[in-house]
Participant: 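What follows is a single structure, and I will ask about it in a moment.
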2 protein chains.
Amino acid sequence: MATLQAIKYNDGQLEILDQLQLPESCTFIPICNVEDAWAAIREMKVRGAPAIAIVGCLSLAAELRKLAAPETKPELCRLVKEKLDYLVTSRPTAVNIQLAAEACVKLCTQLRDNTSVDVVEAKDDIIKHLEGMLANDIADNLAIGEHGASDVMKKNATKEKLRIMTHCNTGSLATAGYGTALGVIRSLHKANKLDQVYCTETRPYNQGSRLTAFELVYEKIPATLVCDSMAAAAMKQFKMDAVIVGADRVAANGDTANKIGTYQLAVLAKSHDVLFYVAAPFSSIDFQIANGQSIPIEERPHSEMTHTGSIRTAAAGVNCWNPGFDVTPAELITGGIITEKGVFKPDQLAPHQ
Amino acid sequence: MATLQAIKYNDGQLEILDQLQLPESCTFIPICNVEDAWAAIREMKVRGAPAIAIVGCLSLAAELRKLAAPETKPELCRLVKEKLDYLVTSRPTAVNIQLAAEACVKLCTQLRDNTSVDVVEAKDDIIKHLEGMLANDIADNLAIGEHGASDVMKKNATKEKLRIMTHCNTGSLATAGYGTALGVIRSLHKANKLDQVYCTETRPYNQGSRLTAFELVYEKIPATLVCDSMAAAAMKQFKMDAVIVGADRVAANGDTANKIGTYQLAVLAKSHDVLFYVAAPFSSIDFQIANGQSIPIEERPHSEMTHTGSIRTAAAGVNCWNPGFDVTPAELITGGIITEKGVFKPDQLAPHQ
């Protein structure tokens with residue numbers, strides 16, 4: 001069974017799987033320009049920090065392909081920067097799109113200052129750079145999967161098959177493809193070392209039950225869905241071997257912002273002697289931020305907690321607290337941080353920058 | 001604002017709040033006889049082990065009031081026993097209605113054998129006994145509330161106002177009125193010592209968001225709803241002073257079976273230095289059971305996790321694990337077990353039997 005492909009891009013035609021319609025229906029929608037991408041990201045038709053960056057960048061590539069080149073390179077730079085600045089405002093916590101935007105702006109500046117490149121060539125180079133992200137991200141995820149799987153197997157060398165818990169969605173639906181934490185799980189499954197993956201529901205947006213469960217069923221990976229409240233009971237009853245989660249942003253010291261509920265799983269893993277891993281591309285590490293306290297945490301609409309579709313699930317008038325993310329302190333990441341460059345202890349990230 | 005009254009009984013007229021319609025609408029329905037009660041319990045219009053027992057017994061009282069006394073006391077006993085046996089079949093897992101039925105049958109036998117009591121007096125005594133349960137349960141809950149609130153205040157003596165987390169529904173909607181854990185919170189609020197109560201959603205059946213949140217909004221108690229995944233983040237961010245939960249059954253050593261997710265909250269409370277209390281009537285302590293390992297845990301239908309009403313919230317075909325309860329080891333109950341007889345360390349229950 002091939003890995004689920006949620007972002008399709010061919011010759012300037014971008015389509016994404018509309019995650020809002022999962023698990024009811026598996027529908028692809030076209031993204032023609034940065035406005036479409038901004039809205040799709042904001043409405044969470046696509047989510048997951050790497051996927052957001054890639055859909056944003058590919059939407060810009062698709063738009064640039066259709067545009068005639070501006071008169072001058074400075075005009076081209078301004079145009080590209082303006083569109084990237086706009087894309088970055090779609091979701092505040094995810095760092096990848098911001099880093100991708102910075103890299104693209106840097107390339108623009110280099111091309112502007114390179115007198116041997118004209119504006120048409122510069123535009124083509126920018127498009128090529130943006131389009132290259134898809135393949136690069138998949139390659140990075142495959143490397144994350146291999147590094148992570150071999151580390152988890154090494155640290156559980158006496159066990160024939162492993163039980164892994166994961167949170168939220170970090171698979172093909174959150175990345176360019178394959179996934180980060182779910183990529184590690186895919187690699188364990190390919191290596192015939194996976195007994196069972198326990199995926200949490202991930203309230204209030206149900207990314208686990210809607211998206212991760214969808215991917216796992218799609219690829220026939222042995223999986224059990226649990227409510228977020230059942231994590232500790234499951235760790236105790238099923239003797240989990242590792243918890244592996246993704247990251248929205250990792251600070252320089254290894255503190256990790258990820259989907260709300262991650263911190264709780266890390267505390268529970270520690271108290272049940274279960275290894276806790278974060279899997280993320282190296283680009284999710286923000287060396288500008290010393291520790292997790294400086295990572296901004298998005299608060300999301302109360303309606304996510306009070307309604308499921310049109311059905312009210314909470315008493316009218318109740319106040320809600322709905323942070324989208326939380327921060328897991330580095331010391332709870334006992335397994336390590338799995339990147340495409342290898343698996344590192346949280347305090348050993350900097351030398352590999 | 002008066003405490004929410006979900007069971008109303010006056011002179012043989014019984015009405016209950018239909019919990020199936022919460023939180024959409026607050027509708028009372030009449031219960032005229034044991035058949036009405038049986039159906040309301042079976043359909044979960046009323047739930048919570050104490051509330052089930054009381055609605056069953058009051059329906060019998062209402063029915064007996066309307067009936068002429070039978071010719072003889074043995075006939076009266078047979079009639080009462082038959083109706084109680086029938087009521088007990090409504091939810092076979094709830095133990096309180098069974099204990100209430102046994103107590104009532106015992107009274108019938110005593111009255112039958114007491115030659116100084118005629119059949120009319122015996123019938124009146126049975127009615128009085130059944131009707132007394134409502135007031136007794138509320139009195140026990142008020143005592144639980146007072147004992148619990150004073151213990152929590154004593155252990156947080158330096159704090160002006162307290163932040164309390166609770167799980168599931170243990171209030172007027174689960175008991176005769178006032179509640180156990182939620183009774184303690186009501187008492188803290190009455191004493192003007194409550195800053196905020198954080199109530200968990202309590203997946204998958206949403207007793208927290210549907211029922212507890214409804215009670216808190218109804219009585220204007222300052223409350224914030226959080227998802228089960230947010231408990232640790234909330235403990236860290238808001239500096240919780242205590243977690244107070246109910247109990248389905250407490251073993252002789254203090255191990256406590258309660259709604260799934262309770263064990264997890266206890267682990268998180270310990271790691272955040274937050275006091276963890278269980279509040280329950282003394283009758284919930286099962287001295288026949290040495291420890292929590294012997295408490296049977298009900299597994300519930302997967303549909304609770306995969307659907308909200310008619311809306312599918314989990315990928316089709318995914319395997320689920322849906323235990324209704326978990327067991328919290330006594331050593332995690334750091335605050336104590338709050339009963340109508342006082343607050344006890346888990347290992348000090350037996351002497352008060």
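Chain A is the first sequence line, chain B the second, and so forth, proteins listed ahead of strands; every chain is numbered from 1.
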Participant: Under a 4.5 Å heavy-atom cutoff, which of B/S209, B/G261, B/P323 has the most pairs with chain A?
Facilitator: B/S209

Participant: Tell me, for B/E215 versus chain A, whether the close heavy atoms (under 4.5 Å) come from the side chain, the backbone, both or neither.
Facilitator: neither

Participant: Side-chain contact test, heavy atoms from C-beta onward, threshold under 4.5 Å: evaluate it for A/Q264 versus B/L268 and give yes or no.
Facilitator: yes

Participant: Any side-chain heavy-atom pair from B/M230 and A/N322 closer than 4.5 angstrom?
Facilitator: yes

Participant: Write down the atom of B/A213, the atom of A/V318, and the distance for their closest heavy-atom approach.
Facilitator: CB-CG2, 3.7 Å

Participant: Which residues from residues 192-199 of chain B are near chain A, with near meaning under 4.5 Å between non-hydrogen atoms?
Facilitator: B/Q196

Participant: Can you say whether A/Y205 sits under 4.5 Å from chain B via the side chain, the backbone, both, or neither, judging by heavy atoms?
Facilitator: neither

Participant: At a 4.5 Å cut-off on heavy atoms, which part of B/F325 comes close to chain A: side chain, backbone, both, or neither?
Facilitator: neither

Participant: Do B/C227 and A/E201 make a side-chain contact, defined as non-hydrogen atoms from C-beta onward lying under 4.5 Å apart?
Facilitator: no

Participant: When heavy-atom pairs shorter than 4.5 Å are enumerated against chain B, which of A/P222, A/P204, A/A233 gives the highest number?
Facilitator: A/A233

Participant: So which residue, B/S271, B/S229, B/C320, B/A316, ends up with the most heavy-atom pairs under 4.5 Å with chain A?
Facilitator: B/S229

Participant: Calculate, to the nearest 0.5 Å, the distance between atoms OG1 and CZ belonging to B/T306 and A/R210 respectively.
Facilitator: 14.5 Å

Participant: Would you mind telling me which of B/T200, B/T212, B/V327, B/T313 has the largest number of heavy-atom pairs within less than 4.5 Å of chain A?
Facilitator: B/T313

Participant: Do you know which of B/L265, B/V217, B/L225, B/D228 has the most heavy-atom pairs with chain A at a distance under 4.5 angstrom?
Facilitator: B/L225

Participant: Check each atom of A/K236 against the heavy atoms of chain B and say whether the ones under 4.5 Å are side chain, backbone, both or neither.
Facilitator: side chain

Participant: Which distance, rounded to the nearest 0.5 Å, do you find between the CG of B/N206 and the CE of A/M305?
Facilitator: 10.5 Å

Participant: Heavy-atom cut-off 4.5 Å, strictly under: side chain, backbone, both or neither for B/L22 against chain A?
Facilitator: neither

Participant: Could you look at A/I260 and say if it's the side chain, the backbone, both or neither that has a heavy atom under 4.5 Å from chain B?
Facilitator: both

Participant: Where do A/H272 and B/V267 come nearest, in terms of heavy atoms and distance?
Facilitator: CE1-CG2, 4.4 Å

Participant: Say you draw a straight line from NE2 of B/H302 to OG1 of A/T224; how long is it, rounded to the nearest 0.5 Å?
Facilitator: 8.5 Å

